[in-house]
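For reference, the structure discussed in these notes is given below.
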Number of protein chains: 2
Amino acid sequence: MQMIAIQTEAVFQALADKTRLRIIRLMVVTGDESCLCELVDSLLEPSYKLSRHLKILRQAGLLSSQKEGRWVYHRLLMKPAYLESLYATVQALPDSKEIYSADLKRFRERLCLREGGRCQIGIQSEAFKSEAG
Amino acid sequence: MQMIAIQTEAVFQALADKTRLRIIRLMVVTGDESCLCELVDSLLEPSYKLSRHLKILRQAGLLSSQKEGRWVYHRLLMKPAYLESLYATVQALPDSKEIYSADLKRFRERLCLREGGRCQIGIQSEAFKSEAG
DNA sequence: CCAATACTTGCATTATGGTGCAAGTATGCA
DNA sequence: TGCATACTTGCACCATAATGCAAGTATTGG
């Protein structure tokens, strides 16, 4: 409910980054929500990086984030109305390097690991696990 | 016809600037083409600044520019298809500070100075005229 | 052919933004 | 209560991008 004045160009600024566009494209195509570790396993980027980009997307008014236990679920906001138009544009973009489709494939596989519709595990990709393991 | 590989995030990067968004919004709303001096008189920004932003928009594939004598006319490109969706988003953005509507008002007035549908004069705004006058 | 003019651009400066490391917070389980 | 873990963030560093000045190019009218 942070309806603070958002500069209009901030909407595009939010998507003017490769990683952030991958996040939004993934969520637009799937319509699903996602926690951070699922995104790490889907985009194969470190959690601190995605966490920061998620914050930027939230501040730009594209995402809402909700804590559930140790997990934080992120989902697309649909209001104000121009966001739906924005997502249509994101979905219409070409995927010539097939980065988005690769993200999507990993995300769908990762969803299979949910139990009761919720993520119950942490990062699975060896390269991005916290060193404590 | 520069169908070179444009990074998808470059599309949003192009609109992630206040001045460039004002240019595109103006052209989306009017559907008209415009030369540089008309844009200077509409946005009240120096010509070198707008010229550079126009170049960025051209390189991002949003504009085509055509020289006519001493004037260069800029118009929106409509292909690839995602651009139409992008422009719909631009048009759907709020104008809470009424910057876009002020630009539009000045642009419409400036259009009245065309003769034969073409701009025949230079910058009218005193503050942005070249010092030679 | 010269001068006015519509527009562009090299350069230096400043501002903004992305990244990685390492340390931090918060939650839940044993 | 202590530890593992899901996520966040302060800091330093580097890359990118916006700006203004001044000099440049290209076109045209006298």
Side-chain angles (χ1 to χ4, degrees), chain A residues 7 9-10 12-23 34-41 43-60 63 65-74 110 113-114 118-125 127-133, chain B residues 7 9-10 12-23 33-41 43 45-60 63 65-74 110 113-114 118-125 127-133:
Chain A
Q7 304 260 38
E9 70 272 15
F12 297 108
Q13 182 66 258
L15 295 180
D17 175 273
K18 205 164 201 150
T19 306
R20 291 197 294 270
L21 190 50
R22 287 170 71 194
I23 293 171
S34 172
C35 65
L36 180 62
C37 56
E38 288 174 335
L39 288 173
V40 170
D41 285 335
L43 306 198
L44 301 178
E45 298 283 349
S47 57
Y48 62 80
K49 183 176 175 181
L50 294 184
S51 178
R52 253 196 280 252
H53 283 303
L54 287 165
K55 183 179 183 180
I56 292 171
L57 290 169
R58 211 180 313 126
Q59 289 173 337
L63 291 183
S65 303
Q66 194 174 337
K67 191 157 194 171
E68 293 187 18
R70 270 178 296 184
W71 289 266
V72 177
Y73 281 89
H74 307 273
R110 185 57 164 73
L113 302 182
R114 284 192 187 175
R118 295 281 110 177
C119 176
Q120 308 289 356
I121 57 180
I123 296 168
Q124 298 302 295
S125 316
F128 298 106
K129 280 183 179 168
S130 68
E131 73 288 347
Chain B
Q7 304 260 39
E9 70 272 16
F12 297 108
Q13 182 67 259
L15 294 180
D17 175 274
K18 205 164 201 154
T19 306
R20 291 197 294 269
L21 190 51
R22 287 170 71 194
I23 294 172
E33 60 194 354
S34 172
C35 64
L36 180 62
C37 56
E38 288 174 336
L39 287 173
V40 170
D41 284 336
L43 305 197
E45 298 283 348
S47 58
Y48 63 79
K49 183 176 176 182
L50 294 184
S51 178
R52 254 195 280 252
H53 283 303
L54 287 165
K55 183 180 183 179
I56 292 170
L57 290 169
R58 212 180 312 127
Q59 290 173 335
L63 290 182
S65 303
Q66 193 175 337
K67 190 157 195 171
E68 294 187 19
R70 270 177 297 185
W71 289 266
V72 177
Y73 282 88
H74 308 273
R110 186 57 163 73
L113 302 182
R114 284 191 187 175
R118 295 281 108 176
C119 176
Q120 308 289 355
I121 57 180
I123 296 168
Q124 298 301 295
S125 317
F128 299 106
K129 281 183 179 170
S130 69
E131 74 287 347

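Throughout, protein chains are lettered first and strands after them, A, B, ... in sequence-line order, and every chain is numbered starting at 1.
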Taking side chain as C-beta onward, heavy atoms only, is [X] less than 4.5 Å from [Y]?
X: B/Glu9; Y: A/Thr19; result: no
X: B/Cys119; Y: B/Ile121; result: yes
X: B/Lys55; Y: B/Ser65; result: no
X: A/Cys35; Y: A/Glu68; result: no

Whole-Å gap separating [atom2] ([N]) and [atom1] ([X]):
X: B/Phe128; N: D/dG20; atom1: CZ; atom2: C1'; answer: 12 Å
X: A/His74; N: D/dC7; atom1: NE2; atom2: C1'; answer: 8 Å
X: B/Leu36; N: C/dT9; atom1: CG; atom2: P; answer: 12 Å
X: A/Gln66; N: D/dA6; atom1: CD; atom2: P; answer: 19 Å
X: A/Ile123; N: D/dC7; atom1: CD1; atom2: P; answer: 7 Å
X: A/Asp41; N: D/dA6; atom1: CG; atom2: P; answer: 11 Å
X: A/Glu45; N: D/dC7; atom1: CD; atom2: P; answer: 16 Å
X: B/Leu57; N: C/dC7; atom1: CG; atom2: P; answer: 16 Å

Considering all heavy atoms, the nearest [X]-[Y] contact:
X: A/Ser125; Y: A/Asp41; value: OG-OD1, 2.6 Å
X: A/Leu43; Y: A/Leu50; value: CD1-CD2, 4.0 Å
X: B/Leu54; Y: B/His74; value: CD1-NE2, 3.5 Å

Give me, pair by pair, the N or O atoms of the protein and of nucleotides 22-30 of chain C that are less than 3.5 Å apart, along with how far apart they are.
from: C/dA26; atom 1: O3'; to: A/Lys67; atom 2: NZ; distance (Å): 3.3

Using a cut-off of under 3.5 Å, enumerate the N/O to N/O pairs linking the protein to nucleotides 14-18 of chain D.
from: D/dA18; atom 1: OP1; to: B/Arg20; atom 2: NH1; distance (Å): 3.2
from: D/dA18; atom 1: OP1; to: B/Arg20; atom 2: NH2; distance (Å): 2.8

Could you check B/Glu45, B/Arg22, B/Lys18, B/Arg20 and say which one makes a side-chain hydrogen bond (donor to acceptor under 3.5 Å, both in side chains) with B/His53? B/Arg20

Can you tell me if A/Trp71 uses its side chain to pair, donor with acceptor, with the backbone of A/Gly122 under 3.5 Å?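 Looks like no, no N/O pair under 3.5 Å.
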
